[in-house]
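Accompanying notes for the structure given below.
Numbers restart at 1 for each chain; the letters A, B, ... are given by sequence-line order, proteins then strands. Basis for what follows: all heavy atoms, side chains included, without hydrogens, waters or symmetry-related copies.
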Number of protein chains: 2
Amino acid sequence: MLLRIRPESDEPIYEQIIHQIVFQVAAQVIDNGTLLPSIRELAKELLVNPNTVARAYQELERQGILAARRGMGMGLTEEAGKRCRELRAQRIRERIGQVVKEALHSGLEPDVLKAWIEDELSRHSARTRKEKR
Amino acid sequence: MLLRIRPESDEPIYEQIIHQIVFQVAAQVIDNGTLLPSIRELAKELLVNPNTVARAYQELERQGILAARRGMGMGLTEEAGKRCRELRAQRIRERIGQVVKEALHSGLEPDVLKAWIEDELSRHSARTRKEKR
DNA sequence: CATACTGTACTATGTGGATAGTACACTAGC
DNA sequence: GCTAGTGTACTATCCACATAGTACAGTATG
């Protein structure tokens, strides 16, 4: 499982883990029923404390995306795909709304904002077409 | 000066103060050369600790937007307008880029993303046309 | 000059995120 | 049954943000 953690980010590490797993499940990079790496294993891979991974896993379990299997690890639920797509939509729409609201509220002309959005859209979709990074 | 502080936000209070002042200067709601409310005064108005306001003012001074006038308060620089418009563009473009990158990287179809953006754009520009909230 | 305001600089406390380390109960696999 | 791995639950420490309170140097204003 490929996760990119930025310790210096404003977003807490345990939330980065949560949302990146949610996004990968939504993108079907990880399929329903898959067994995720154990807390200690993922912690070692991400150079992060096991407690931090445990907190992320607990939150995902609370939302019905993960289910604990003692002695084996944490597995994805059957509803994981559906729920993750819902969460992805919720997160993205909320963040778009924040930026747009903030930008217009700051007196920025809507045309300029739309131009910037188009710019970023083409920039990142160009990268997506070729490879991931 | 109208600032809306959300103590429960992920964004630290002192950063909220900074970026809201920057945005209002960029929008020319506050003109160059204006004298801002004193640290203690603004702190009382925002129901926030004076130290928090002081930290925001110090950062704005460090960026050449504010200048301290002992006994009077903090006043906007002559370059304040220009610098604040630069900072506004930087902040907005960066946040747009993050959301777009995240969304496309999560396997979301570009068409869906564009639809969501159009939705939020029309929603908030409708509000802007009438009043602020 | 005297007062009241200004910004600035401290110390101390509380909270949440993150780390470190330990311990316990459960289970797959040999 | 044993071992090694699993999730879970603690305690302790560190750091940043925010708060509370005090003190000091400079200045506008009377």
Is there a side-chain contact between [X] and [Y] in this structure, where contact means two heavy atoms from C-beta onward sitting under 4.5 Å apart?
{"X": "A/Gln63", "Y": "A/Leu87", "result": "yes"}
{"X": "A/Leu3", "Y": "A/Gln24", "result": "yes"}
{"X": "A/Ile96", "Y": "B/Leu121", "result": "no"}
{"X": "A/Asp119", "Y": "B/Arg93", "result": "yes"}
{"X": "B/Leu36", "Y": "B/Leu42", "result": "no"}

For [X], salt bridge (charged side-chain N to carboxylate O under 4.0 Å, His left out) partners two or more places apart:
{"X": "B/Arg6", "value": "none"}
{"X": "B/Arg95", "value": "A/Glu102"}
{"X": "A/Glu61", "value": "none"}
{"X": "B/Glu94", "value": "none"}

* chain A footprint on DNA chain C, 5' to 3' - any atom under 4.0 Å from a heavy atom ->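 The contacted stretch runs from C/dG17 to C/dA28.
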
* When you measure from every atom of DNA chain C, which of residues 38-57 of chain A have a heavy atom less than 4.0 Å away? -> A/Arg40, A/Val48, A/Asn49, A/Asn51, A/Thr52, A/Arg55

* Partners passing side chain to side chain contact (heavy atoms under 4.5 Å, CB included) against A/Ala43 (at least two apart in sequence or in another chain) ->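 So A/Ala43 forms a side chain to side chain contact (heavy atoms under 4.5 Å, CB included) with A/Pro50, A/Val53.
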
* Structure fact -> For DNA chain D, the dot-bracket notation using Watson-Crick and G-U wobble pairs below 3.5 Å, [ ] for pseudoknot-type crossings and | for other-strand pairs, is ||||||||||||||||||||||||||||||

Could you go through residues 71-81 of chain A and list every donor-acceptor pair under 3.5 Å that involves a side-chain atom there, pairing it with any protein atom two or more places apart or in another chain?
unit_1  : atom_1 : unit_2  : atom_2 : d
A/Thr77 : OG1    : A/Gly64 : O      : 3.0
A/Thr77 : OG1    : A/Ile65 : O      : 3.0
A/Glu79 : OE2    : A/Arg83 : NH2    : 3.4

Look for any protein N or O under 3.5 Å of an N or O in nucleotides 26-30 of chain D and output each such pair with its distance, or none.
unit_1 : atom_1 : unit_2  : atom_2 : d
D/dT27 : O4'    : B/Arg70 : O      : 3.4

* Flag the pair B/Arg123 and B/Glu120 as a salt bridge only when some basic side-chain nitrogen lies within less than 4.0 angstrom of an acidic carboxylate oxygen. => yes

* Asked: Could you give the CG-to-P distance, from A/Leu60 to D/dG7, as a whole number of Å?
  ->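 It is 13 Å, rounded to the nearest whole Å.
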
* Residues from residues 5-21 of chain A sitting under 4.0 Å of DNA chain D, heavy atoms only? -> none

* **Minimal non-hydrogen separation, B/Glu11 against B/Ser9, with atom names** =>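 Answer, listing the atom of B/Glu11 first, then B/Ser9: N-OG, 3.0 Å.
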
* To do: Output the distance between atom NZ (A/Lys101) and atom OG (B/Ser125), rounded to the nearest 0.5 Å.
  =>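 The NZ atom of A/Lys101 sits 14.0 Å away from the OG atom of B/Ser125.
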
* Summary of ring-ring contact (aromatic ring centres under 6.0 Å, His included) pairs that have at least one residue in residues 23-53 of chain B, sequence neighbours excluded ->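 Only B/His19-B/Phe23 qualify under ring-ring contact (aromatic ring centres under 6.0 Å, His included).
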
